[in-house]
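Scope of the values below: all heavy atoms of this structure, side chains included, with no hydrogens, waters or symmetry mates.
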Amino acid sequence: QKHLPRLSIMPKIVSRTRRRSKSRSRSNRIVLPSSETKPSQRASKPVPSSPSSPSSPSSPSSRRPDMVPKPSSSKQSKSQSKSPNPKPNLHILAHAALAFLLRLSIVLLVDMYEYSPDSTDGSSSNPNPKQHDPSAFKYTDIDYNVFLDATDFVRQNKNPFDRHTYRYTPLLAYALSLHPHRLFGKVLFSLFDVLTGLLLCSETFASKQNKFYTILTCFYNPITINICTRGSAESLIVLFPVILTLYLITKSSTSSNPYLTISLAGLTHGLSVHTKIYPIIYTPAYLLTLSELPPTRLLPFLRSVGDFTILEKINVRKPLLFGAFSALIFSALTYISYVLSGPPSISQGLLYHFARLDHRHNYSPFFYTIYLLLDSKISSTFLSYISRFFLLPTSLIIVEISLITKDLPFTLFLITFIFVAFNKVITGQYFVWYLTLLPLISDSIKWSNLKPQLILLTMTVLYWLWNAFRLEMKGRGAFLDVFLASEGFFIANCVLFRGICKNYTKRKRKSKTKKR
């Protein structure tokens, strides 16, 4: 009888312990993540619990923070990688639109300044009114007036080469005759200048390091803005085809159909050579890059060509395809020009630039010599042979550079720089040829080591401009001073060329292949 109260208490204690153990097992079964649960626990049904009760073991507030399963970050990264990011493209397009509006406003302001509202014959339908003051400062390039006169001859079913000093492809005159307004050519040149900047800002060329510099120099470069708004056709007939060819060749290494891309590059290169003969200097660099020839020098290269051992080192298909399509489009466009304009399209549009002699002052170190020889009794035929002889050392340097360097944008920049510096005629539009390529290699050059060379170049340019102003605007006899300034400019270019080659380091492009 004394033990009866104890026996009555024992069932209550046992029931309490069983309840506690069950609650612990339930809480453990619910909190464990799916990867750590046992098959028997996965099959068991979860015990329902009220979400409003904070004391329930299955509520989020009762769980430990380290035991709560977190969402996988891999799914978020995949969703972020799949989602497009149009901000950089829209950013570049906004700069392109602003750059085009800037050029268009300059063209309109210059037209308001240079032309009066009254036309030459008293009618408002004449698209070419007279200038309000012949002695006033003229912003428009004289070549643009040549373009306008040539387009007038085309509209009258005449030969555009009837206009004196028209020495371009006749296809340019036919293209500008599509619209009768006198500003159509300037607007077209400005548009292609902006399109060239868009190509340079593409992902194929621009890296993260030089994106801002590329946008600044392509869209807001005062030199290129001045050239296209004055009426120079360099952006249409030279810069855009050359940059497009470089873009296609660079794209062919990652393209799914490289032979199609190389064929298109050959077409654009043939177009650029036809419209302006000078891009023919890029042909060795293009062919050697596509052939995948390792870097070498000129004499070993000539020996390997002589004994045909070079065929074992190169890829023949790509250079042959590029050369065939370039020759095809060049021959077709030249034939069409010959049909439209006759022999002047060959003699004036192409061959004239090989033997061009300009006695007017320019940046070339040879201009004063040509000026003195033209006044002498030496025949012009002999002078034309001398001018062709100047191309021989430049051609050897171009081939040597194409063989040594294998970074194609840097190779084209060096070739253009040397060609312009050693040319017998150098005008302001020639500088745009290599300044357009400069954004592609700017992040590979240590500009901090080139400050003395750049200061020397700037001083020689300012000295040349001052003497040219005295000669042309003030009418003073400063030919000798301009000649000395041109020689100093040539020396500064040579010093800068050496410094660029010395401070160049080939950049390492990040591969865009996905890791498996």
Side-chain angles (χ1 to χ4, degrees), residues 137-143 165 217 221-227 229-232 234 278 281 353 355-376 378 383 386-387 389-391 393-394 397-398 413-438 445 447 449-503:
F137 174 75
K138 299 177 181 62
Y139 180 82
T140 302
D141 193 357
I142 191 172
D143 288 340
T165 69
T217 54
N221 190 350
I223 299 178
T224 57
I225 292 175
N226 175 263
I227 293 298
T229 54
R230 289 187 65 195
S232 179
E234 300 301 310
Y278 102 88
I281 65 176
H353 300 279
R356 178 184 177 184
L357 295 173
D358 196 348
H359 65 280
R360 292 173 294 182
H361 63 282
N362 55 77
Y363 290 92
S364 175
F366 309 109
F367 99 90
Y368 192 63
T369 305
I370 295 173
Y371 172 76
L372 296 177
L373 291 177
L374 287 176
D375 290 340
S376 61
I378 301 177
L383 291 178
I386 293 178
S387 63
F389 177 76
F390 287 152
L391 296 175
T394 308
I397 296 174
I398 288 173
F413 175 81
L414 294 182
I415 289 173
T416 313
F417 194 92
I418 284 293
F419 180 76
V420 173
F422 284 85
N423 206 342
K424 55 187 178 297
V425 179
I426 304 175
T427 58
Q429 62 188 14
Y430 287 26
F431 302 142
V432 184
W433 296 352
Y434 61 81
L435 287 178
T436 306
L437 298 167
L438 188 59
I445 300 174
W447 295 105
N449 299 337
L450 297 177
K451 292 181 181 179
Q453 293 88 334
L454 294 175
I455 292 174
L456 178 63
L457 182 67
T458 304
M459 292 176 60
T460 55
V461 170
L462 293 177
Y463 182 67
W464 188 94
L465 291 174
W466 166 247
N467 289 285
F469 176 79
R470 291 173 54 223
L471 176 64
E472 187 172 356
M473 299 297 179
K474 298 296 183 180
R476 299 177 182 176
F479 269 96
L480 185 59
D481 296 334
V482 175
F483 168 70
L484 294 177
S486 300
E487 296 297 326
F489 179 71
F490 175 75
I491 295 173
N493 278 323
C494 294
V495 173
L496 181 61
F497 178 82
R498 182 180 180 275
I500 289 175
C501 295
K502 188 177 180 180
N503 292 276

Criterion side chain to side chain contact (heavy atoms under 4.5 Å, CB included) on V482 and F367, from CA distance to verdict: CA-CA 10 Å; V482 175; F367 99 90; 3.7 Å; yes
Test of ring centre spacing under 6.0 Å for F431 and Y363: yes
Sub-4.5 Å side-chain heavy-atom contact between N503 and L450: yes
Heavy-atom closest contact (A492 atom, L456 atom, distance): CB-CG, 4.0 Å
Approximate separation, where rounding is to 0.5 Å, of D141 CG and E234 CD: 9.5 Å
Pairwise side-chain contact, D143 with S232, heavy-atom cut-off 4.5 Å (strictly under): no
Heavy-atom side-chain contact between T140 and R230 under 4.5 Å: no
S364 side-chain N/O to K424 backbone N/O, donor-acceptor pair under 3.5 Å: yes
Separation of I418 CD1 from F497 CZ (nearest 0.5 Å): 4.0 Å
Within 6.0 Å of CG in L480, more than 12 heavy atoms from elsewhere: yes
Chi angles and distances behind the side chain to side chain contact (heavy atoms under 4.5 Å, CB included) call for I223, L435: CA-CA 9 Å; I223 299 178; L435 287 178; 3.6 Å; yes
Full working for side chain to side chain contact (heavy atoms under 4.5 Å, CB included) between Y139 and T229: CA-CA 9 Å; Y139 180 82; T229 54; 2.7 Å; yes
Any donor-acceptor pair under 3.5 Å from T394 side chain to F422 backbone: no
Parallel, tilted or perpendicular: rings of Y434 and F413 (30°, 60°): perpendicular
Rounded distance (nearest 0.5 Å) linking atom CH2 of W464 with atom OG of S486: 6.5 Å
Shortest non-hydrogen contact between I426 and V420, atoms and distance: CD1-O, 2.9 Å
L454 versus W447, closest heavy-atom pair with distance: CD1-CE3, 4.2 Å
Interatomic spacing from CG in N449 to CD1 in I500 - rounded to 0.5 Å: 12.5 Å
Any side-chain heavy-atom pair of V461 and L465 under 4.5 Å: yes
Considering all heavy atoms, the nearest P365-F483 contact: O-CE1, 3.6 Å
Flag, side chain of N226 to backbone of P222, donor-acceptor distance under 3.5 Å: no
Nearest non-hydrogen partners of F489 and L457, listed with the distance: CE1-CD1, 3.6 Å
L414 CG to L437 CG distance, which is reported to the nearest 0.5 Å: 10.0 Å
CG-OG1 distance between N221 and T436, expressed to the nearest 0.5 angstrom: 8.0 Å
Test of ring centre spacing under 6.0 Å for W433 and F417: no
For G499 against Q453, the heavy-atom pair lying closest together: CA-NE2, 4.2 Å
